[in-house]
Amino acid sequence: MKDEGDSTDLHSRQFPIREDMAYQLKVWRFERVGWYLLVLCMLLGLLGLFSRGVISSQDARSDDGKVRVEYEMFHRNGSTNPMKISVRATPESTVELEIDGELLDGFSIETMQPMPQRMRSSGQGMRLRLQADAQGQATVYLTLRGDGLGLFRSHLNAAGSNDVKLTQFIFP
Amino acid sequence: MDSVLRALAMYLALMVLFKIAGRRSLAELTTFDFVLLMIIGEATQQALLGDDFSLTNSFLVIITLIAIDVGFSLLKQRSGWVSRLIDGEPTIIVENGKLLHRRLRHARLVEADVMEAARSSQGIETLEQIKFAIIERNGKISVIPQDPHSG
C-alpha cells in the first residue's frame, strides 16, 4: 500500500489549489478527538450521567434508617422521574414527613401517591402527614418534573429522625 | 428569552457536531443518510420548541436561526480566518494519477470513493486518467482528468 511518495503526502501543494496542510492536519485531529468525545458522551449517557442510569439513581437513608429516599440525582428540564420516600414509624400511626430546601423550586410534583392525610407548607417546602401500615411502614411515590436549571439541595426528615440530604441537578 | 437561547445553543452545537463528523459525512446523501438526517431533524425540533407551540415561539426560533446564519456569512466575508474555520479548505487526494494515501486515511476515504466520483463526474475508468482529485469544502470530490494530448 505504501510507496516512497508517502513521505511527501502531507506536504502542502500550490497547484491547482493553495493548500495549508498544517491547518488541514489540525482539522483532522479535531475530528478524531471530537469522535472520542462523542463516544465518551455516549458511554456517560449509558451510565446515566444525563439522568436514568447507574450514576444517577440514588438510594439515600437517614443515619437512623427511619427515612429512605430513592431518587434520580440528574434530571433533564421538562422530563419526569419518580421519587420514592419510605418512612418507618409506629404501626398504624401517623407520621409527619417534612420536605424542605430547594426541591419545590426546581421541580413540580406531578403526582403523589397515595395522597397524604394532610399537606401544609413549612418553611421553604412542605409537610406531609402519612399513615403508616400495620408493619409501621409509610411510603409515598412522587413524580417530579424538572422545571428549573442547575443544582438543587433539599432535605427530608420524619418527626424526630435525622435529615436525608438530597442533591439534584437539572440539565437544560 | 429562552427561545433565542435554545436556538443559539442548538445552532452552535450542531455546527460543532457536524465539524466533528467531517465535511464528507452528509455530502453524498445515501438513502440511509437521508433517514439519519430526518431523525436528527426530529430530535432537534423537540428541543428547539420545547413545550411551547405558539406562533411567537416558532417565529422567534426561526428569526434567531436565520440571523445567526446571515451573521456568520457576513463574518466569513470579512475574515478569511473565520471562513476557513467554518467552511474548511479543499484538499488534494489524487495527484497525477497517484493516490495520496496518508491524506485519504486522514479523510476517512478509500480508493473506491475516489473512483466513484471520477466515474460519475468525468466517465473516468482508471486512476491514471485522473490528474487531480480534490475534496471540496462541501465534501464532494471533484475530479480533473489528465490532458489527453499530453499523453
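So that the names make sense, note that chain A is the first sequence line, chain B the second, and so on, each numbered from 1.
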Query raised in the report: Which region of B:A107, side chain (C-beta onward) or backbone (N, CA, C, O), has a non-hydrogen atom less than 4.5 Å from a non-hydrogen atom of chain A, or is it both or neither?
Result: both
Report task. Check whether B:L5 and A:I170 end up in the same hydrophobic cluster, where Ile, Leu, Val, Met, Phe, Trp and Tyr are linked by side-chain heavy atoms less than 4.5 Å apart. Result -> no
**Report entry** Under 4.5 Å from any heavy atom of chain A - which part of B:I93
**Finding:** neither
Query raised in the report: Relative to the ring of A:F15, is the ring of B:F132 parallel (under 30°), tilted (30 to 60°) or perpendicular (over 60°)?
Result: perpendicular
Query raised in the report: In terms of heavy-atom contacts, does CZ of A:R120 have more than 12 from other residues, nucleotides or ligands at under 6.0 Å?
Result: yes
Requested in this report: Apply side chain to side chain contact (heavy atoms under 4.5 Å, CB included) to the pair B:R103 and A:W28, showing each step before the final yes or no.
Outcome: CA-CA 10 Å; B:R103 293 184 179 200; A:W28 282 328; 4.2 Å; yes
Query raised in the report: With the 4.5 Å side-chain cut-off for hydrophobic clustering, are A:V33 and A:V27 part of the same group?
Result: no
Query raised in the report: For A:L25, is it the side chain, the backbone, both, or neither that has a heavy atom closer than 4.5 Å to a heavy atom of chain B?
Result: side chain
Query raised in the report: Which atoms of B:L104 come close to chain A, meaning under 4.5 Å heavy atom to heavy atom: side chain ones, backbone ones, both, or neither?
Result: neither
Query - Linked, directly or transitively: B:L48 and B:I62 (ILVMFWY side chains, under 4.5 Å) - result: no
Report summary line: Looking only at B:R108, B:K131, B:R23, the option with the highest number of non-hydrogen pairs under 4.5 Å against chain A is B:R23
Report task. Could you tell me which non-hydrogen atom of A:Q24 sits nearest to which non-hydrogen atom of B:E89, and how far apart they are? Result -> OE1-O, 3.8 Å
Query raised in the report: What closest approach, in Å, do A:W35 and B:I20 show between heavy atoms, and which atom pair accounts for it?
Result: N-CG2, 3.6 Å
**Report entry** Closest non-hydrogen atom pair between A:D20 and B:R84, with its separation
**Finding:** OD2-NH1, 2.8 Å
**Report entry** chain A interface, residue from B:I134, B:V16, B:I144, B:L85 that has the most non-hydrogen pairs under 4.5 Å
**Finding:** B:L85
Report task. Might you confirm whether atom CZ of B:F59 has over 12 heavy atoms from other residues, nucleotides or ligands at distances under 6.0 Å? Result -> no
Query raised in the report: Does CG belonging to A:D59 count more than 12 external heavy atoms closer than 6.0 Å?
Result: yes
**Report entry** Cluster link B:M38 to B:M10, ILVMFWY, side chain under 4.5 Å
**Finding:** yes
Requested in this report: Supply the atom-to-atom distance B:I92 CD1 to A:Q14 CD, rounded to the nearest 0.5 angstrom.
Outcome: 9.0 Å
Query raised in the report: Does atom CD of B:Q77 have more than 12 heavy-atom neighbours, drawn from other residues, nucleotides or ligands, at distances under 6.0 Å?
Result: no
Query - OH (A:Y141) with more than 12 external heavy atoms under 6.0 Å - result: no
Report summary line: Heavy-atom closest pair (B:L100 atom, A:D9 atom, distance to 0.1 Å) is C-OD2, 3.2 Å
Query raised in the report: In terms of heavy-atom pairs under 4.5 Å with chain B, which of A:R29, A:M21, A:R32, A:R18 leads?
Result: A:M21
